[in-house]
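So you know, we letter chains A, B, ... as the sequences are listed, proteins then strands, and number each from 1. Note that this is a predicted model, so its numbers are computed, not measured. The figures that follow rest on heavy atoms only: side chains count, while hydrogens, waters and symmetry mates do not.
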There are 2 protein chains.
Amino acid sequence: MNKVSTLEDIAREAGVSASTVSRVLNGSKRVADAKRALVLAAIARHDYRPNLVARGLVRGRSMTIGVLMQDIGSPFFASMVSGIERGLDHAAYRPMFASTHWRSEHQEDEARSLHLLLERRVDGVIVLASSIPDAELRAVAAQLPLVVVARSVPGLETQCLAIDNVEGAYRATRYLIGLGHTRIAHLAGTPGHPDAADRLTGYRRALADAGLPENPNLIVAGDFLESSGLRCVEQLLANGEQFSAVFAANDQMAYGAMLGLYNHGYRIPADVSVVGFDDQFLSAYTLPPLTTVRQPSFEMGEVAAQAMLRLLNNEAPALPQIPVDLIIRKSAVLLRQSA
Amino acid sequence: MNKVSTLEDIAREAGVSASTVSRVLNGSKRVADAKRALVLAAIARHDYRPNLVARGLVRGRSMTIGVLMQDIGSPFFASMVSGIERGLDHAAYRPMFASTHWRSEHQEDEARSLHLLLERRVDGVIVLASSIPDAELRAVAAQLPLVVVARSVPGLETQCLAIDNVEGAYRATRYLIGLGHTRIAHLAGTPGHPDAADRLTGYRRALADAGLPENPNLIVAGDFLESSGLRCVEQLLANGEQFSAVFAANDQMAYGAMLGLYNHGYRIPADVSVVGFDDQFLSAYTLPPLTTVRQPSFEMGEVAAQAMLRLLNNEAPALPQIPVDLIIRKSAVLLRQSA
DNA sequence: TTCGAAGAGGAAAGCGCTGTCAATATCCCG
DNA sequence: CGGGATATTGACAGCGCTTTCCTCTTCGAA
């Protein structure tokens with residue numbers, strides 16, 4: 001492991017001062033062609049790369065932006081993260097991720113993850129969902145550029161990028177109603193989670209607007225994971241409650257639900273229609289392809305990154321409104337008259 | 001945006017020298033209880049957090065380890081990344097990711113991503129697959145701790161963690177043969193990709209060992225993505241070639257294949273059996289659940305991280321052998337006699 | 001009471017880089 | 001050919017923190 005060379009080494013090699021090397025590195029000031037050539041030659045000879053840590057220290061900016069989320073392994077976050085990388089690709093900024101999965105029980109630990117990022121002096125923070133309290137987020141926003149995705153924080157409206165969950169759920173449910181379904185089960189997300197609450201609200205509202213009764217037995221709570229979708233359906237079936245359609249709070253739960261239905265011999269969509277929420281990439285490949293409310297996670301990540309760049313540039317974040325779209329595929333169909 | 005406080009501020013506040021503050025921060029030397037208390041109080045009052053960038057500069061270690069991969073958005077990588085985070089969770093190290101998706105055409109750009117990491121002076125690098133040339137990887141290994149996952153680099157055997165792709169594909173194919181299938185199509189991975197080549201080899205070897213003829217028309221190449229699985233199946237069907245089973249080079253292609261089959265009215269597994277490779281998390285939730293060769297991505301990531309920690313500690317990486325396992329679910333069954 | 005050892009804490013020298021400031025060199029015009 | 005303007009360059013002071021190195025106490029033993 002031979003020592004990696006420093007700017008000082010290059011300066012000595014090229015017979016110039018450190019300042020000059022720095023100047024050719026940054027193009028911050030004119031340097032005579034002859035000297036520049038000498039420096040460049042030395043750099044090439046040593047395969048020299050400036051130490052960004054040192055540069056960060058003196059410039060006071062680390063050129064990295066922190067991204068806080070619950071689980072980078074979940075497809076929804078992975079996709080957003082991918083979008084963030086994309087959005088940052090041409091900037092000199094790099095994302096640094098911190099997930100809190102392993103210890104998500106304790107909200108305190110989410111704060112720890114945030115501090116991990118802050119200690120590394122990230123220049124900005126992008127928060128994906130997360131259960132950190134609004135107040136703490138506002139405190140962060142007072143310190144450095146902050147963009148919040150898939151969540152909306154009172155007082156930070158201009159820096160939040162979220163879709164209208166109520167509206168999305170409303171559309172999904174209304175679609176099912178339009179197909180003739182009246183006994184529509186809802187697999188809700190984690191109790192207490194804002195998205196879960198909003199989507200439940202949209203479901204209820206659609207029912208109410210259609211003059212349909214709300215059956216509490218048809219609403220069962222999961223936790224946004226596939227396994228819970230499966231569990232919820234088992235429970236519904238065990239209760240003997242009749243239903244011809246299922247609206248799941250997210251696609252992952254919808255996958256689990258479809259598996260549960262399949263295991264019990266129900267055909268989708270012939271026997272039961274299923275609609276999800278998120279439009280994960282894989283939802284176009286399920287059997288049958290899933291009808292779902294689109295939450296463009298990749299694009300949201302990309303847009304969030306661009307907004308962050310703008311914020312870092314002291315411009316307005318200019319976060320757009322995200323339209324909610326129902327993607328109609330094959331998992332929901334007209335209710336059979338015979339049913 | 002009020003200024004964030006520095007160690008100097010704390011020292012002044014507490015009426016001690018910077019050295020003392022540093023000492024209580026690191027516990028590197030005894031400090032009188034009275035002074036320690038003063039310092040701690042000042043720290044608490046200011047909510048002071050040491051600047052890890054500065055510390056990294058003086059200590060010569062950034063406490064971050066770089067992770068290079070093709071696409072953090074792909075479920076396979078996302079899962080490994082998740083494992084890496086887990087493996088690093090209790091260490092003071094943080095991963096810093098760099099994907100090369102957007103420009104994967106040019107191998108040159110992968111090198112650029114690697115440099116992005118090196119410029120930030122990561123203390124070690126974990127490479128996930130990637131198409132960076134072996135030689136370059138060896139050069140990196142000479143500079144700093146390196147662990148390579150899901151790929152094996154000659155000369156770096158002890159630092160590589162990979163499953164036996166040939167064996168895995170062999171098992172999958174033999175399983176299908178054992179089920180009575182003789183016309184088994186193979187949806188190969190990206191031409192030129194080592195994994196793709198190895199899996200194809202395993203498939204061929206199993207056929208040969210069973211005395212089955214190899215039909216070139218039954219082998220069609222994709223690119224490891226869902227869309228290509230779909231495309232491959234379309235092509236197979238268009239060719240009018242007979243087959244009762246499909247072995248896909250990875251689960252994603254298997255998903256696409258299943259959709260293609262479904263679209264054409266074939267039932268799985270009744271009409272066509274399908275086997276994948278990887279055992280992605282979602283494969284347990286497809287309809288029917290997918291029989292596949294397990295590549296424990298999460299665990300591989302975790303193990304790689306631990307090996308990296310050991311390397312950083314000047315110990316032997318001690319990378320274990322990963323057993324290959326065929327996970328039997330519902331997507332492949334005995335060939336119907338009638339067929 | 002005196003001396004040495006050990007304990008505590010401060011001063012200062014960097015880590016690798018940038019950016020200011022002043023010095024030197026170069027150049028134009030009258 | 002002189003004067004001032006302009007272009008280049010080097011010296012140097014940090015960025016925030018760690019880590020010798022060294023001084024100053026304090027305390028026990030002789």
Counting the atoms with a prime plus P, OP1 and OP2 as sugar-phosphate, which does B:V21 contact under 4.0 Å by heavy atoms, base, sugar-phosphate, or nothing? nothing

Bend angle of the helix from C:dT1-D:dA30 to C:dG30-D:dC1 from five-pair axes at both ends, rounded to 10°? 50°

According to a strict under-4.0 Å criterion, is B:T6 in side-chain N/O contact with OP1 or OP2 of D:dG16? no

State, with a plain yes or no, whether a side-chain heavy atom of A:P296 is found less than 4.5 Å away from one of A:I322. yes

May I ask you to list the residues of residues 36-59 of chain B, by number, that have any heavy atom positioned under 4.0 Å from an atom of DNA chain D? B:Y48, B:P50, B:N51, B:A54, B:R55, B:V58, B:R59

For B:R23, which residues count as a salt bridge (charged side-chain N to carboxylate O under 4.0 Å, His left out) partner, sequence neighbours excluded? none

Under the ring-ring contact (aromatic ring centres under 6.0 Å, His included) test, residues paired with B:F224 that sit two or more places apart: B:H193

Name all residues meeting the salt bridge (charged side-chain N to carboxylate O under 4.0 Å, His left out) criterion together with A:R12; count only those two or more places apart in sequence or in a different chain, and write none if there are none. A:D9

Give one of base, sugar-phosphate or nothing for B:T20, where a contact means two heavy atoms less than 4.0 Å apart. sugar-phosphate

Can you list the residues that meet the salt bridge (charged side-chain N to carboxylate O under 4.0 Å, His left out) rule with A:R151, with sequence neighbours excluded? A:D134

Spacing of B:I10 atom CD1 relative to D:dC17 atom P, expressed in whole Å: 9 Å

Sequence neighbours excluded - salt bridge (charged side-chain N to carboxylate O under 4.0 Å, His left out) pairs with any residue from residues 308-320 of chain A: none

Using chain B heavy atoms and a threshold of under 4.0 Å, write down where along DNA chain C the contacts begin and end, 5' to 3'. C:dA8 to C:dG16

If you apply the rule side chain to side chain donor-acceptor pair (under 3.5 Å), what do you find for A:S17 with A:T20, and how did you get there? CA-CA 5 Å; A:S17 74; A:T20 300; 3.3 Å; yes

Does A:V81 reach the side chain of B:V81, with side-chain heavy atoms less than 4.5 Å apart? no

Which residues share a side-chain contact (heavy atoms from CB on, under 4.5 Å) with A:P95, sequence neighbours left out: A:V67, A:I84, A:E85, A:L88, A:F97

Heavy-atom side-chain contact between B:R120 and A:M63 under 4.5 Å: yes

Can you list the residues that meet the side chain to side chain donor-acceptor pair (under 3.5 Å) rule with A:Q295, with sequence neighbours excluded? A:R199

Which residues share a salt bridge (charged side-chain N to carboxylate O under 4.0 Å, His left out) with A:R45, sequence neighbours left out: A:E13

Could you list by number each residue of residues 23-31 of chain A showing a heavy-atom separation from DNA chain D of less than 4.0 Å, or answer none if no residue does? A:R23, A:K29, A:R30, A:V31

Can you find a heavy atom in the side chain of A:V303 that is under 4.5 Å from one in the side chain of A:L319? yes

